[in-house]
Each structure stands twice: as C-alpha cells, then as structure tokens.
Amino acid sequence: MPYCEVDRYQNGEKWDGVRLFYRRYGRGAVKVLLVIGLAGTHDSWGPQIKGLTGSLEPADDEAEAERTDEESGDAASPAAAEGEDDGGEGDGIEVCCFDNRGVGRSSIPPHKSYYSTAIMARDALALMDHLGWKKAHVFGHSMGAMISCKLAAMAPQRVCSLALLNVTGGGFQCFPKVDGQMLSLAFRFLRAKTPEERALVDLETHYTEEYLNEKVGSCTRRTILYQEYVKGISSTGMQSNCGFEGQVNACWTHKMTSKELDTIRSAGFLVSVIHGRSDIIAQLCHARRLAERLIPVARMVELHGAHLVSHERPEEVNNALMELIKATKSMMKPEEWSSQPENSSETGALISARPVSVTIQTDDGGNAAVAVYNLLAKLQLSFLYVIGVILMGFEHMRNIVKVMKPVRVAAIES
C-alpha cells in the first residue's frame, strides 16, 4: 500500500511521524493534488478522479515502481522531474488524493494539538515532495479547502492553481445555520454509533432533498447512496473520536490573515471558489466573502447543490476545474479570468468574479436594526454551541446511569 512518512516536531522535540495513505490515478504532465475535508477519505473524490483522468483505476503500483527505479539510479528525464511534459506523459492529468491525518488509513495522532490546517498543509507538501512534484494544481473541499489555502500561502511557488470547494474561513464560520433541521442533524450525529446511523445523517448534510428523492430506476437515489455510504463507512471504519476531535480543532482554529491572503492574491496563479447554494454546513456567504477578498485572481462559481456539490453536480464541478487548468496552461491573466461575464446556464450555474453582495444604506434607525440582526446572528452561534454541549452532556449522563444501574439478582432458594 502506498504511504508517505511525515516527520514532525512538536514543541521543539521530534515525535513519532505520521503515515499518510494516498492513491494516484492517471498519467500526465499536469499534476493535481486533491485535499479532502472533515471526516472524509481519499475515495470521496471519485467523481473528480473519473472526470479528470477518465479512470478510477489506481496507478500506484506502476508509479511506485518508477520511483523505485529513480532512487536506484535509473533517473527519469529532467523534464519529468520538474513535472513537465517529457514527451511520454503527453497532456494527460495525474491525480493524487490522500487520507488526512486522523482518518481512514492514515495515522491518528493522539492529541488535538497535532491537528491544524497549517500542520496538515505541511503534510500535503511533504506528500508532494514524496511524489517528486515540484508544482501542482491544488483542489480542496471543505476542511480540505482550508488546508489548501494554508498550503498556497505557505508555499505559493508550489501551486499552479487553487480550487476551493464549499469553503469557509474557519472559526465561527464553521457553524452551520441554526434551524430545526440542523438541530435534529446535530442530535442524531452525536448519537450515531453505527455505519447505518451515520450514513442517514451524512446523506441529509451532503445533498439536497431534491437530489436524494430523484428516481433512479425503481428506487430513489437516497436508497442507492445509503447503501454506498454504509459500505464505505464499514470498509474504513467509523472515524475515531480522537481523529474527529483533532480535525474539528483544525477547522475551529483555522484563520487566513490579511498577509496570507495578500500572498495568494499576488502569487500569480488563478483561483476558483466553487460552492453549492443549498449548503447547510458551509454557508455560501462565507465563500462569497473569501472570493471577494481574493479578487482579482478569484472567480466565484455557484451551483445548485449542497455540501457535496462535487457529487451532486459532478459535470459542472469538473468543467469548472478543467477551465481552471486550461486557463492556467494558456497563461490567462487574472483580470481576464475574473472579468468573465456573469451567466446562468441551463444547469443553474452562476459564474461571477465579483460575488453577489448586499449593501444596506439606512438611517440611524436602520443601522440599529442591522446591529440587532448581527447580534442575533452571534446569539445563534452561541445557542448552537450550548445545544451541542447539552446533547453531549445528556449522552454522557446516560452512559453513567447505564454503568451505575443496579443489577437484579434472583433469590436463591435453599
């Protein structure tokens, strides 16, 4: 199995390294690194792997053999080492996706301090070094998009282009919109102990109801996806509490400073921010705000879909990613990339360089109303946090009661 060893230093002292499990697909001069999100594994990129390379057949064995030959002295051509077209790979695309630390077949560090988007960005860079990739198109989803942002700010010279799918700015922006549906999902998520229970919750958070209720033959898409989710979760196992808490910590502590965003904006590569309008996990307004801060290099692409818009609308997402790769190859100027006219296609895609924003001009009374609205929004976040604490406390007390519950012993007749 292909693994990448990552050495780490914590508080100045070296500790046991992390092993990252990865897969490679396709062959070509164009390199694409796919970074998955919270609790996701590498195979969550299936629709994009298929769309970019034309195949879901891993190319790890062949690539590993070539890398071994290079290390043993049969060096590849300089062009291949640079990630450029050496005449053999042609214009194809090679994709690498991996399990982040804390999930899947990768290592699970024991403490949440070993998890942050900066640490995980360094993991991704170490994987690129392991593969011999000097540069790559970096595409991330959700938490993976946060990691990709950090990577781009830390090593802009390693990035050909940047695609951010269903992204937020981390911290409080990770809180979903509070409503009855979300409270129900949060409660069921905390109680989910089996792949079947987890699959039911995941479906409702990842897709729109419209998509789940679509008929596919004699059954609904919900039924088909449910079976696939249960199989997938069962094969990799439920994510450990340690891994989940660590990745949540990475999201919660994530923040892109103005300096980091300036670095991305001035690095010279193009950015595409792709988002589903019905995403209840990563709210659209946060993605719009990030895209706006990355103008003129960023283009905003809004699609009809939810958090897993990459699965719900794979053709549109893949087209957006291919446009980004082609624009990079043709050395399109940022102004040209971001000045594409807004258009609404038959699929419901809205492409815009300047995200839709609302400016409210009011008198003092109106300003007061806006202030009250912002206060209520913050209270929503606090309310969700309190509800989460209450639910976890309730579950903890239930477990204590189960342990302390007296056992009835039948009387023994003498």
Side-chain angles (χ1 to χ4, degrees), residues 21 23 25-26 34-58 95 97-99 103-105 139-144 165-166 176 181-182 184-239 244 274-282 301-322 345-349:
F21 177 82
R23 284 290 196 194
Y25 301 85
L34 301 177
V35 190
I36 197 58
L38 175 68
T41 53
H42 68 281
D43 48 9
S44 298
W45 284 108
Q48 282 60 60
I49 295 169
K50 177 71 172 177
L52 294 173
T53 69
S55 172
L56 288 173
E57 189 67 29
V95 167
C97 49
F98 62 101
D99 294 344
V103 74
R105 302 180 192 178
F139 301 160
H141 176 267
S142 194
M143 181 188 73
L165 284 70
N166 298 82
Q181 179 192 12
M182 182 49 62
S184 171
L185 288 171
F187 181 74
R188 285 186 288 147
F189 179 84
L190 291 171
R191 289 176 56 85
K193 305 298 181 186
T194 66
E196 290 78 11
E197 292 173 339
R198 177 64 183 273
L200 288 172
V201 177
D202 284 354
L203 288 179
E204 290 188 42
T205 56
H206 290 168
Y207 305 99
T208 60
E209 280 295 311
E210 176 188 351
Y211 181 74
L212 291 174
N213 293 331
E214 285 180 6
K215 281 285 187 180
V216 180
S218 59
C219 58
T220 63
R221 198 180 297 276
R222 184 191 301 271
T223 303
I224 298 173
L225 288 173
Y226 172 75
Q227 295 170 350
E228 292 178 358
Y229 268 52
V230 170
K231 182 180 178 181
I233 297 172
S234 300
S235 64
T236 58
M238 294 279 285
Q239 186 180 19
F244 178 74
I274 305 170
H275 213 92
R277 297 191 196 97
S278 301
D279 191 342
I280 62 174
I281 299 298
V301 180
E302 297 178 17
L303 300 170
H304 178 68
H307 193 59
L308 264 189
V309 70
S310 54
H311 285 228
E312 194 165 342
R313 293 290 181 266
E315 186 176 347
E316 293 96 309
V317 170
N318 292 342
N319 285 341
L321 297 178
M322 286 302 301
S345 66
E346 293 180 0
T347 57

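By convention here, the first residue in the shown sequence is residue 1. Just so it is clear, the structure is predicted and the values come from calculations on it, not from any experiment.
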*Asks:* According to salt bridge (charged side-chain N to carboxylate O under 4.0 Å, His left out), does anything in residues 216-232 pair up with another residue at least two apart or in another chain? List the pairs.
*Replies:* E209-R222, E214-R221
*Asks:* Between T223 and V216, is the side chain to side chain contact (heavy atoms under 4.5 Å, CB included) condition met? List the steps.
*Replies:* CA-CA 9 Å; T223 303; V216 180; over 6 Å; no
*Asks:* Could you tell me which residues satisfy side chain to side chain donor-acceptor pair (under 3.5 Å) with Y207, sequence neighbours excluded, listed by chain and number?
*Replies:* Y229
*Asks:* Can you name the residues that form a side chain to side chain donor-acceptor pair (under 3.5 Å) with R105, not counting sequence neighbours?
*Replies:* none
*Asks:* Passes side chain to side chain contact (heavy atoms under 4.5 Å, CB included), I36 versus F98? Steps please.
*Replies:* CA-CA 8 Å; I36 197 58; F98 62 101; over 6 Å; no
*Asks:* Rounded to the nearest 0.5 Å, what's the gap from CD1 on I274 to NE2 on H141? Could you check?
*Replies:* 10.0 Å
*Asks:* Quick one: do the E210 and H304 side chains pair a donor with an acceptor below 3.5 Å?
*Replies:* yes
*Asks:* Tell me, please, which residues at least two apart from S235 pass side-chain contact (heavy atoms from CB on, under 4.5 Å).
*Replies:* none
*Asks:* Could you state the interatomic distance from OG1 (T194) to CD1 (I233), rounded to the nearest 0.5 Å?
*Replies:* 8.5 Å
*Asks:* Any idea which heavy atoms bring L212 and L225 closest together, and the distance?
*Replies:* CD2-CD1, 3.9 Å
*Asks:* What residues, two or more places apart in sequence or in another chain, satisfy side chain to side chain donor-acceptor pair (under 3.5 Å) together with T208?
*Replies:* E312
*Asks:* Return the minimal non-hydrogen interatomic distance between A282 and H275, and the atom names on each side.
*Replies:* O-NE2, 2.7 Å
*Asks:* Strictly distance-based, threshold 3.5 Å: is any side-chain N or O of H311 a donor or acceptor partner for the main-chain N or O of S44?
*Replies:* yes
*Asks:* Could you pull out the closest heavy-atom pair between I224 and C219, with the gap in Å?
*Replies:* CG1-SG, 3.8 Å
*Asks:* Can you find a pair of side-chain heavy atoms, one from V309 and one from D279, that are under 4.5 Å apart?
*Replies:* no
*Asks:* E316 and R313: which non-hydrogen atoms are nearest, and at how many Å?
*Replies:* OE2-CD, 3.1 Å
*Asks:* Side chains of D202 and L308: does their closest heavy-atom pair fall under 4.5 Å?
*Replies:* no
*Asks:* What's the verdict on side chain to side chain contact (heavy atoms under 4.5 Å, CB included) for L185 and I280, showing C-alpha distance, side-chain angles and the deciding distance?
*Replies:* CA-CA 11 Å; L185 288 171; I280 62 174; 3.7 Å; yes
*Asks:* For A192 versus M238, what's the shortest heavy-atom pair and its separation?
*Replies:* O-CE, 4.0 Å
*Asks:* What is the distance from atom CG of L165 to atom CG of L34, rounded to the nearest 0.5 Å?
*Replies:* 9.5 Å
*Asks:* As a quick check of understanding, evaluate side chain to side chain donor-acceptor pair (under 3.5 Å) for S142 and H307, giving each step before the final call.
*Replies:* CA-CA 8 Å; S142 194; H307 193 59; 3.1 Å; yes
*Asks:* Any idea which heavy atoms bring G51 and N318 closest together, and the distance?
*Replies:* CA-ND2, 3.6 Å
*Asks:* Can you tell me how far apart CE (M322) and CD (Q48) are? Round to the nearest 0.5 Å.
*Replies:* 12.5 Å
*Asks:* Give, for atom OH of Y25 and atom CG of L52, the distance between the pair rounded to the nearest 0.5 Å.
*Replies:* 12.5 Å
*Asks:* Determine, stepwise, if the pair F244 / L38 fulfils side chain to side chain contact (heavy atoms under 4.5 Å, CB included).
*Replies:* CA-CA 8 Å; F244 178 74; L38 175 68; 4.2 Å; yes
*Asks:* Look up atom CD1 in I281 and atom CE in M143, then write down how far apart they are to the nearest 0.5 Å.
*Replies:* 14.0 Å
*Asks:* Answer yes or no: is there a side-chain heavy-atom contact under 4.5 Å between P47 and V317?
*Replies:* no
*Asks:* Who are the side chain to side chain donor-acceptor pair (under 3.5 Å) partners of N319, not counting sequence neighbours?
*Replies:* none
*Asks:* Does K50 offer a backbone N or O that forms a donor-acceptor pair with the side chain of T53 under 3.5 Å?
*Replies:* no
